[in-house]
Amino acid sequence: MENSLYIGLSKQIALRNNMDTIANNIANMNTGGYRAQNLMFEEYLRKTKGDPDPMSFVSDRGQYENTENGPLQQTENPLDIAVTGPGFIGIQGPGGKVAYSRAGSLHMDASGQLLNIANFPVANAGGSTITIPAGSTEIKIDEKGVVSNQDGQIDQIMLVEFADTKNLKPAGNTLYETDSPPLPASNTRIKQGMIEGSNVKPVLEMTRMVDTLRTYQSVQNVLQSENDRLRSVIQKLTKQ
Amino acid sequence: MRSLDIGATGMMAQQTNVDVISNNIANMTTTGFKRQRASFQDLMYQNITRPGSTSSDAGTVAPSGIQLGLGVRTGGVYRMNGQGPIQVTENTLDLAITGEGYFQIQRPNGDIAYTRDGTFQLNQNGEIVNAQGYLLDPGITIPSDATSIDINASGEVLVKTAAATASQNLGQIQLAGFINPAGLEAIGDNMFLETDASGAPTAGNPGTNELGSLRQHALERSNVNVVEEITQLIAAQRSYEMNSKVISTSDEMLQTTAQLR
């Protein structure tokens with residue numbers, strides 16, 4: 001009897017998750033290297049006894065990212081890099097495992113080790129860390145990630161591409177983790193002195209938010225009228 | 001509601017418009033800069049009733065169908081390659097092109113880039129280089145004992161040295177022309193690369209075959225017209241506001257729907 005309530009509830013839960021994703025996108029509107037995320041929904045059919053038509057609920061299917069490149073902002077900081085193209089730079093994540101990132105606001109710690117914004121060391125082409133010797137005055141990072149100072153070349157930042165970016169799972173702290181093998185970067189370039197902004201489009205997020213809100217209200221309407229119907233059924237049928 | 005998404009496409013198109021205009025204004029004093037313009041196209045249409053479909057068994061045709069548009073999209077951002085104003089400087093190697101054509105610059109990776117920016121200088125070997133130190137192509141080397149350098153309108157480089165009384169012709173600066181200069185790919189630093197859209201370059205001496213002539217001691221400034229850019233900016237801003245009104249009106253209509261009952 002309350003099936004319509006459950007169907008409406010499944011939609012509201014899905015809308016609540018959608019709203020969380022939209023709020024996350026808007027909160028990260030200025031985070032460097034952030035990519036907007038979207039949810040996918042699908043119909044979930046359930047057969048009912050005695051009724052030839054199955055009932056259809058909504059369920060979350062999964063989450064995907066918008067892989068468009070974000071806008072480049074110039075900062076003039078020699079340790080800020082922007083990754084243009086489809087690739088990623090390698091970061092030594094927690095536990096020593098290599099993770100990948102697009103966020104390029106780098107800085108040095110007291111021993112000269114190159115760290116990213118979340119204080120994880122930047123990985124070189126072999127997977128270990130990059131240390132800039134003390135007394136370096138001009139630090140140049142060229143298009144292929146080669147780091148050099150006034151004396152010459154120091155090291156090279158790991159720059160990779162993936163055949164299928166669907167397998168990259170966001171691991172927080174601007175990192176992505178995956179088990180797929182990385183490919184050497186061919187179309188990716190590093191630009192020094194610039195940062196890639198987030199690719200969140202505020203207009204789209206606001207219209208999705210409006211859409212979500214109004215759909216939520218419509219479903220609420222359905223639930224409310226179902227509730228009234230059930231109550232009047234119980235009242236009418238139990239009148240003595 | 002379709003109008004919610006249509007309003008969103010309108011706002012994003014005006015955002016692109018403002019981005020192009022702000023790039024033009026930022027490059028107002030860049031030597032040899034050519035302003036860009038964004039052009040928009042309507043997005044596809046959804047056919048509720050196709051125009052030309054029959055309306056009865058006798059074969060009568062309805063005069064028009066029902067087609068709902070779905071918004072706007074950016075059709076292209078293209079360059080206006082009009083000549084910029086010429087500014088006279090006192091630099092010996094400042095060159096301006098009056099007319100069509102591009103200087104050829106040899107990039108460090110071997111390929112040729114094309115530019116209208118004529119600010120050239122000498123490097124430590126006496127070769128003519130641009131602001132990044134890339135060589136002019138075909139290369140011309142000025143001897144170290146040259147007292148004056150003259151470049152005439154056909155691009156011939158004539159130097160006077162202390163030893164000889166007559167000027168010595170060191171070579172001729174060549175320009176490259178394209179069938180479709182708007183199809184060149186901009187790579188920044190005032191340089192362009194050839195693409196399939198621009199066609200192959202035809203190099204030649206300045207003043208021949210519709211190539212422009214050179215002017216020494218002068219630079220070509222950007223062809224950005226500030227008044228026109230600010231007018232476009234105002235129009236883009238108002239269009240942005242009106243599209244946001246479309247979105248908030250659709251929101252109110254959806255609210256009315258949700259409150260039915």
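To find a chain, count down the sequence lines: A is the first, B the second, and so on, and within it residues start at 1.
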Please check if the number of heavy atoms outside A:L72 that lie under 6.0 Å from its CG is greater than 12.
yes
For B:D196, I'd like to know if atom CG has over 12 heavy atoms of other residues, nucleotides or ligands within 6.0 Å.
no
In Å, rounded to the nearest 0.5 Å, how long is the span from CZ of A:R208 to CG of B:L4?
12.0 Å
Is the count of non-hydrogen atoms from other residues, nucleotides or ligands lying under 6.0 Å from A:M206 atom CE greater than 12?
no
Would the number of heavy atoms belonging to other residues, nucleotides or ligands and lying under 6.0 Å from CE of B:M28 be above 12?
no
Distance in Å, A:L204 CG paired with B:M11 CE, rounded so as to fall on 0.5 Å steps
10.0 Å
Is the CG atom of A:N30 crowded by more than 12 outside heavy atoms at less than 6.0 Å?
no
Quick check on A:Q220 against chain B: is it the side chain, the backbone, both or neither that has a heavy atom closer than 4.5 Å?
neither
Given heavy-atom pairs under 4.5 angstrom as the criterion, report whether the side chain, backbone, both or neither of B:L254 touches chain A.
both
Looking at B:D251, B:N243, B:T257, which makes the most heavy-atom pairs under 4.5 Å with chain A?
B:D251
Is A:T215 in contact with chain B via its backbone, its side chain, both, or neither, using a 4.5 Å heavy-atom distance?
neither
Give, as side chain, backbone, both or neither, the part of B:Q259 having an atom under 4.5 angstrom from any heavy atom of chain A.
backbone
More than 12 heavy atoms of other residues, nucleotides or ligands under 6.0 Å from OH of A:Y44: yes or no?
no
Rounded to the nearest 0.5 Å, how far does CD of B:Q15 lie from NZ of A:K201?
10.0 Å
Shortest non-hydrogen contact between B:A8 and A:T207, atoms and distance:
CB-CG2, 3.8 Å
Kindly write out the residues that satisfy ring-ring contact (aromatic ring centres under 6.0 Å, His included) with B:F120, not counting sequence neighbours, or none if the list is empty.
B:F103
